[in-house]
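Whatever order the structure lists them in is the order used to number ligands and atoms, beginning at 1.
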Amino acid sequence: MAVATSDSILARSLITDRRSTNFGLKNEVCRGKVVPCRAGGKVKGKGKGRVEVKAAVQIGGLEEVKKAKEEMGLDVVSEEELREKGFLGMRKTKLVCTIGPACCSPQDLEKLALGGMNVARLNMCHNTRDWHRDVIKKINQLNEEKGFCVSVMIDTEGSQIHVLDHGAPSSVKAEEGSTWLFTAQKLEGSPPFTIQANYEGFSEGIEVGDELVIDGGMASFQVIEKVGNDLRCKCTDSGLFLPRAKFSFWRNGKLVARNSELPTLSKKDWADIEFGVSEGVDFIALSFVNDADPVRQLKNYLYMRSTRVLAKVESLESLQKLKEIVEASDGIMVARGDLGVEIPYEQIPTVQEEITHVCREMNKPVIVASQLLESMIEYPTPTRAEVADVSEAVRQYADALMLSGESAIGPYGQKALSILQMASSRMELWSREENRQSILHQRRLGVSLPDRIAEQICNCAVEMANNLGVDAIFVYTKHGQMASLLSRNRPYPPIFAFTSDNGTRMALNLQWGVIPLLVELSDDDVEANISTTIELIRRKGLLKPGDVVMVVSDLTPTHINSTAFQSIQVKTVV
Ligand SMILES: Nc1ncnc2c1ncn2[C@@H]1O[C@H](COP(=O)(O)OP(=O)(O)O)[C@@H](O)[C@H]1O
Ligand SMILES: C=C(OP(=O)(O)O)C(=O)O
Ligand SMILES: [K+]
Ligand SMILES: [Mg+2]
């Protein structure tokens with residue numbers, strides 16, 4: 001252990017702790033002995049914890065490139081929010097908006113970006129690839145020309161048994177006691193009381209007496225006869241068939257598990273994935289993941305690309321294999337729409353809390369999705385119950401909240417987004433005041449020593465940052481690992497994650513409390529990185545004298561002779 005200090009007592013007191021970590025120093029380990037070293041670098045000490053920050057020395061043509069990149073450093077929305085609300089007032093919970101016909105013009109997309117949309121979601125169930133391509137192009141333009149930082153996610157269609165044809169353009173009502181035929185055969189004309197399912201094997205394993213539930217409870221039927229593959233059913237609970245309404249079968253109060261017969265990644269999904277990759281999307285969300293295999297398969301396919309794979313938890317099977325799915329993926333979506341078709345409603349709140357907890361433990365970002373402000377698809381105000389649901393997801397420390405139809409087809413998408421924004425800021429403040437962060441336990445993640453050191457550094461850094469009341473945490477990251485380990489601890493101050501990898505920047509957009517910035521970073525000069533980035537934020541007038549920044553750095557060796565460097569430093573801006 002080495003210590004940079006003007007005070008030999010501090011150095012000697014550290015000897016009592018005999019573990020050889022490399023906290024705050026190049027990792028030359030000496031046990032039980034104080035070895036004085038001369039520190040280089042460009043940071044001058046000025047009393048305890050007080051330093052003078054000098055601009056990094058920039059050389060020749062590099063300067064131009066660096067300046068250009070710096071301009072992309074902080075996105076316009078974070079900058080504005082920081083000016084308006086200060087470091088501690090910044091929203092930490094990330095916001096995802098589904099883009100649909102109601103919000104796909106450049107003007108609408110810009111309003112959503114200004115309103116705090118961090119990730120735009122494109123649901124490949126709907127519309128054409130050309131339409132999606134056009135939206136991606138508009139978002140890229142907003143990012144490049146107007147300084148936004150909006151990531152793009154595509155969401156696969158996946159395979160699910162649903163209504164293909166119900167004989168009407170919109171909804172059809174089923175009255176209690178009426179008898180209906182469910183078939184996979186193509187319908188000729190619009191025969192009454194007949195529903196076409198999308199999958200030939202939809203009735204396999206289904207028995208007379210089973211219950212057929214539409215859209216998780218919109219309407220219910222009892223199977224009264226099986227004719228070949230067709231099912232004749234009697235309506236036991238009246239309701240509506242909507243386009244693409246979902247089927248689930250129940251026996252003795254339990255779901256008859258059947259989705260596993262369908263492939264998670266269909267031919268169309270692979271074509272959509274190829275499309276997404278060629279368009280450079282940042283996230284691919286996989287629908288109806290039942291185990292870790294399709295996630296691994298897709299990750300292998302994406303090998304060496306920065307595209308992140310999110311698994312949607314929306315089936316009974318995915319709950320049974322939750323941990324292996326979380327482990328294999330880069331993040332999770334709690335897709336409550338379909339999940340509510342597969343498990344009884346009353347289980348959704350506890351299942352959501354469990355999933356967010358597991359994701360947090362395993363350090364994977366989690367999105368809580370579907371029906372957050374459902375009534376706003378029609379009305380300009382949410383129900384109070386919806387606001388309470390949103391706040392609960394924030395209280396559980398989900399990384400992100402998602403709008404679906406509220407933004408895709410509703411006329412009040414921007415307002416819905418502003419409600420998510422306000423409700424999350426409010427609950428984050430309350431959680432901080434109640435000191436709820438400290439209640440959360442975490443399991444150890446890392447196996448190798450460097451991973452364990454990184455994890456410990458981030459855990460300690462956040463505890464220190466909260467106790468000291470620092471204004472911001474700065475971290476330098478290649479793949480986003482250190483930034484996400486800090487985020488996992490849900491610190492009070494925002495985490496400014498500096499990276500020279502744009503893929504990492506866009507992926508970090510989904511992580512709680514992280515403001516990702518694209519900058520040119522040195523591979524071996526930590527002090528230069530620190531002074532350049534502090535200067536970058538200070539030049540914008542966002543850091544002022546007296547502000548305290550905690551700097552966490554982790555430099556992995558790039559060649560054999562160099563050493564790892566991991567440190568926590570607390571700097572007061574002068
Ligand atoms: N790209 C799109 N084009 C047309 N309509 C869309 C699009 N994306 C979403 N929608 C509409 O918004 C609704 C809500 O979106 P989402 O929750 O993603 O889909 P779903 O309800 O099919 O699961 C959809 O039912 C659909 O009517
Ligand atoms: C987000 C979900 O998936 P999709 O909208 O694709 O059905 C869901 O089911 O909640
Ligand atoms: K989908
Ligand atoms: Mg779904």
_Any heavy-atom pair between the side chains of Lys321 and Val313 that's under 4.5 Å?_
no
_Shortest protein contact, atom 17 (O) of ligand 1 (heavy atom only)_ = Ser404 CB, 3.2 Å
*Relative to the heavy atoms of Thr98, which atoms of ligand 1 are at a distance of less than 4.0 Å?*
18 (O)
*asked:* Strictly distance-based, threshold 3.5 Å: is any side-chain N or O of Lys94 a donor or acceptor partner for the main-chain N or O of Val514?
replied: yes
*Out of curiosity, is Val135 lining ligand 1, as in a heavy atom under 4.0 Å away?*
no
*Quick one: does Arg308's side chain get under 4.5 Å of Met153's, heavy atoms only?*
no
*asked:* Quick check against the 3.5 Å criterion: does Thr264 have a side-chain atom that pairs as donor or acceptor with the backbone of Val289?
replied: no
*Measure the distances from the heavy atoms of Pro101 to every atom of ligand 1 and state whether one is below 4.0 angstrom.*
yes
*Specify the closest pair of heavy atoms between Leu403 and Gly413, including all atoms of both residues, with the distance to one decimal.*
CD1-O, 4.1 Å
*asked:* If you count every heavy atom of other residues, nucleotides or ligands that lies below 6.0 Å from Lys137 atom NZ, does the total exceed 12?
replied: no
_For Leu310, run the side chain to side chain contact (heavy atoms under 4.5 Å, CB included) check against Val366, Ile367, Ile284, Ile332 and tell me which one passes._
Ile367
*Taking atom CG of Asn300 as the centre, report whether more than 12 heavy atoms of other residues, nucleotides or ligands fall under 6.0 Å from it.*
yes
*Answer yes or no: is there a side-chain heavy-atom contact under 4.5 Å between Leu255 and Ser248?*
yes
*What protein heavy atom is closest to atom 27 (O) of ligand 1, reported as residue, atom name and distance in Å?*
Ile409 CD1, 4.0 Å
*Exceeds 12 heavy-atom contacts within 6.0 angstrom, atom NZ of Lys323*: no
*What class does the angle between the rings of Phe247 and Phe182 fall in, given that below 30° is parallel, 30 to 60° is tilted and above 60° is perpendicular?*
perpendicular
*Look at atom 15 (O) of ligand 1 and say which protein heavy atom is nearest, naming residue and atom and giving the distance to 0.1 Å.*
Gly405 N, 4.0 Å
*Identify the closest protein heavy atom to atom 1 (N) of ligand 1: which residue and atom is it, and at what distance?*
Trp131 CZ3, 3.1 Å
*Using side chain to side chain contact (heavy atoms under 4.5 Å, CB included) as the criterion, point out the one residue from Val135, Asn127, Leu122 that pairs with Cys104.*
Val135
*If you have a sec, work out which protein heavy atom is nearest atom 3 (N) of ligand 1 and how many Å separate them, to one decimal?*
Asn127 ND2, 3.0 Å
_If the threshold is 4.0 Å, N to carboxylate O, is there a salt bridge linking Glu279 and Arg129?_
no
*Any non-hydrogen protein atom below 4.0 Å of atom 10 (N) of ligand 1?*
yes
*Take the angle between the ring planes of Trp180 and Phe221 and call it parallel below 30°, perpendicular above 60°, tilted in between.*
perpendicular
_At less than 2.8 Å, how many protein N/O/S atoms surround the Mg ion (ligand 4)? Leave waters out._
2
*Going by the atom numbers of ligand 1, which of them fall below 4.0 Å from some non-hydrogen atom of Asn123?*
16 (P), 18 (O), 19 (O)
N/O contact list for ligand 2, threshold under 3.5 Å:
{"residue": "ligand 2", "atom": "3 (O)", "partner": "Lys312", "partner atom": "NZ", "Å": "2.8"}
{"residue": "ligand 2", "atom": "5 (O)", "partner": "Arg121", "partner atom": "NH2", "Å": "3.1"}
{"residue": "ligand 2", "atom": "6 (O)", "partner": "Arg121", "partner atom": "NH2", "Å": "3.3"}
{"residue": "ligand 2", "atom": "6 (O)", "partner": "Lys312", "partner atom": "NZ", "Å": "2.9"}
{"residue": "ligand 2", "atom": "7 (O)", "partner": "Asp338", "partner atom": "OD2", "Å": "3.0"}
{"residue": "ligand 2", "atom": "9 (O)", "partner": "Glu314", "partner atom": "OE1", "Å": "3.0"}
{"residue": "ligand 2", "atom": "9 (O)", "partner": "Asp338", "partner atom": "N", "Å": "2.9"}
{"residue": "ligand 2", "atom": "9 (O)", "partner": "Asp338", "partner atom": "OD2", "Å": "2.8"}
{"residue": "ligand 2", "atom": "10 (O)", "partner": "Ala335", "partner atom": "O", "Å": "3.4"}
{"residue": "ligand 2", "atom": "10 (O)", "partner": "Arg336", "partner atom": "N", "Å": "3.3"}
{"residue": "ligand 2", "atom": "10 (O)", "partner": "Gly337", "partner atom": "N", "Å": "2.8"}
{"residue": "ligand 2", "atom": "10 (O)", "partner": "Ser370", "partner atom": "OG", "Å": "2.5"}

*Just wondering, do Leu510 and Ser151 contact through their side chains at under 4.5 Å, heavy atoms?*
no
_Candidate pair Arg490 and Asp399, rule salt bridge (charged side-chain N to carboxylate O under 4.0 Å, His left out), full reasoning_ = CA-CA 10 Å; Arg490 305 302 194 241; Asp399 287 83; 3.1 Å; yes
*Where's the contact between Ala408 and ligand 1, heavy-atom distance under 4.0 Å: side chain, backbone, both or neither?*
side chain
*Run the numbers for me: atoms of ligand 1, each under 4.0 Å from some heavy atom of Arg121, listed by number.*
16 (P), 18 (O)
*Identify, by atom number and element, the atoms of ligand 1 in contact range of Ile99, meaning under 4.0 Å from any of its heavy atoms.*
1 (N), 8 (N)
*For atom 26 (C) of ligand 1, which candidate among Met124, Gln160, Arg244, His126 holds the nearest heavy atom?*
His126
